[in-house]
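Here's the structure we're looking at; comments come further down.
All values reported here derive from a predicted model rather than from experimental measurement.
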There are 2 protein chains.
Amino acid sequence: MSSGRELFARDGPEAQMDEIAARAGVGIGTVYRHFPTKEALLTAMVRDRFQEFAEIATLAEDTIDPRHALETVMRRSAEAVEGDVGFQLAMMGSNQLEWEGIEEQKAVLAAVVTRIIRRAVDAGVVSDDFTFEDFGMVMCGITSTMYYKPGGADWRRHLAITVHGIRPPVRDVEQESA
Amino acid sequence: MSSGRELFARDGPEAQMDEIAARAGVGIGTVYRHFPTKEALLTAMVRDRFQEFAEIATLAEDTIDPRHALETVMRRSAEAVEGDVGFQLAMMGSNQLEWEGIEEQKAVLAAVVTRIIRRAVDAGVVSDDFTFEDFGMVMCGITSTMYYKPGGADWRRHLAITVHGIRPPVRDVEQESA
DNA sequence: CAGCATACGGAGCTAAGATTCCGTTTGTCA
DNA sequence: TGACAAACGGAATCTTAGCTCCGTATGCTG
C-alpha cells in the first residue's frame with residue numbers, strides 16, 4: 001500500500017495493479033483482498049494524502065503576518081504535490097472526481113483557508129473579492145505547471161505571478177474615496 | 001473528420017474510433033484509410049486547430065496599446081479552447097507531447113507573441129522578466145481551470161488574476177533609482 | 001454490358017489491463 | 001501431529017478499444 005503510493009506518485013492513476021502488487025511483494029489477489037477495486041485503492045491513497053492539505057493550512061494559520069500566512073499555505077500545498085503525479089491530478093480534479101470520504105477533509109481545508117483569506121483581505125493585502133474557490137482555482141493552475149511542464153517552466157514562478165495577481169488592485173485616491 | 005472534431009472536443013483523446021466513424025457516417029475501415037492510426041487522426045485535428053493560435057496572435061499584434069495587445073492574445077487564446085476538451089489538453093500539453101508538424105506553428109506563435117510581450121515590457125506595463133515560456137505556463141494554468149473546474153470556477157477570473165500578476169512589481173523611488 | 005480498379009464496411013483479431021477464482025501455503029488449536 | 005481456518009498467489013477470465021482484412025459496392029473505361 002505504501003509501495004503503491006510510490007507508483008501512484010510516478011504514474012498517477014495509470015499505475016497498474018500488477019505492478020503495484022509486485023512492488024509490494026504480494027500477489028494481485030492480496031491487493032484485491034484489501035481493496036475491492038482499483039478505484040478503492042486510489043481513493044484510499046488520495047484520501048490519505050489529501051489529509052496533508054488540511055494539516056498544512058492549519059500550521060500556516062499560526063503565521064502572524066496575514067499575507068505571509070496565505071502565501072505559506074499556497075507554497076506548502078504546492079510543495080506537497082511536487083513530484084507526485086497522482087497527487088497533482090487529485091488536487092487539480094478535486095472537485096470533479098467524487099472521491100469518497102474526502103468531503104470532510106475538504107470541509108476542514110475550506111474552513112481554515114477561508115479564515116486565512118479573510119484575515120489577508122481584512123489586512124488589505126489581498127483583493128477583497130478573493131475566495132476559497134479562487135484559491136482552489138489558482139492552485140489548480142500552479143499544479144498544472146508541474147504536471148504539464150515537468151522539467152520545463154518553474155511552478156514557483158507561476159506561484160509568484162499568482163501571488164502578485166491576487167493583491168488588491170492599485171486604486172487612485174479618487175476611486176478610494178468614492 | 002470534422003465530425004471527429006466534435007467528438008474530440010467533447011471527449012478529448014478518449015474519443016473512440018468506432019464512434020468517430022459512426023458519427024462521420026462511415027465505416028471504421030474508411031477512417032483508417034485516411035489516418036493510419038488514431039494518433040495520426042488526433043495529431044491532424046490538433047495541428048488543424050493549433051493554427052488558430054498563430055492567427056489569433058497575428059491579429060492581436062495590430063492592437064496599438066501594448067498591454068491591450070497582450071491581454072487580447074491571452075483572452076482570445078483562452079476563448080479558442082473554451083468548450084473543446086481535446087484542444088484544452090493539446091494546449092496544456094503542447095510541449096510535452098510531440099505532435100508532429102506542430103513545431104513550425106509553434107515557432108510562428110512564439111515569434112509573434114514574443115514581439116507582443118517585448119512591446120508590453122518596453123512600455124513598462126508588464127514585468128520585464130516575463131517571457132514566452134511564462135506565457136505558455138500561465139495559459140496552461142488558465143486552461144486548467146476550464147478543464148478541471150468545468151461549470152465551476154470562472155476562467156475569466158483566473159485570466160484577470162494572471163493579467164494582474166504579470167504587471168511590473170510596484171517599486172518605490174529608492175529601488176527605481178538604485 | 002464486361003472487366004477492372006478503387007473505396008467502403010464492419011466482423012473479427014489482438015493487446016492491455018482490471019478482476020476473479022481456486023489450489024496452495026501458512027497459522028492455530030486441541 | 002491432524003484438522004480446520006484464514007490468507008495468499010497468480011493463472012485464467014473478461015472487457016475494452018485499437019486495428020486488420022477481406023468480401024462487397026461503386027464507378028470508370030472500352
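Contact check for A:Cys140 versus A:Met91: no side-chain heavy atoms found under the 4.5 Å cut-off.
Minimum atom distance to the side chain of B:Thr30 is reached by C:dC8, of the listed D:dG18, C:dT20, C:dC8. Distance from the side chain of B:Ile28 is smallest to D:dT20 among C:dA18, D:dT20, C:dT20. The nucleotide whose nearest atom lies closest to any side-chain atom of B:Met17 is, among D:dG18, D:dC8, C:dG17, D:dG18. Closest to the side chain of A:Gln16, from the set D:dG9, D:dC19, C:dA18, is C:dA18.
The 5' end of DNA chain D is approached more closely, in terms of each residue's nearest nucleotide, by B:Thr37 than by the other of B:Thr37 and B:Arg33. When the nearest nucleotides of DNA chain C are assigned to A:Gly29 and A:Ala15 by heavy-atom distance, the more 5′-ward of the two goes with A:Ala15.
When rounded to the nearest whole Å, the span between NE2 of A:His34 and C1' of D:dA6 equals 12 Å. The CG atom of A:Asp18 sits 14 Å away from the P atom of D:dG9 (whole-angstrom rounding). The interatomic distance linking B:Glu39 (CD) with D:dA17 (P) rounds to 18 Å, in whole Å. One atom, CZ of A:Phe35, and another, P of D:dC8, lie 12 Å apart when rounded to the nearest Å. Straight-line distance from the CG atom of A:Asp11 to the P atom of C:dA16: 16 Å, rounded to whole Å. Look at OH on A:Tyr32: it is 16 Å from P on D:dC14, rounded to the nearest Å. With rounding to whole Å, B:Glu14 atom CD is found 14 Å from D:dG18 atom C1'. Separating the NZ atom of B:Lys38 from the P atom of D:dT16 is a distance of 15 Å, rounded to the nearest angstrom.
A salt bridge links B:Arg156 to B:Glu79: at least one charged side-chain nitrogen sits closer than 4.0 Å to a carboxylate oxygen. Looking at A:Asp154 and A:Lys149, no side-chain N of the basic residue comes within less than 4.0 Å of a carboxylate O on the acidic one, giving no salt bridge. A salt bridge links A:Glu19 with A:Arg10; the closest basic N to acidic carboxylate O contact falls under 4.0 Å.
If you run side chain to side chain contact (heavy atoms under 4.5 Å, CB included) between B:Glu71 and each of B:Val126, B:Val163, B:Thr162, only B:Val163 comes through.
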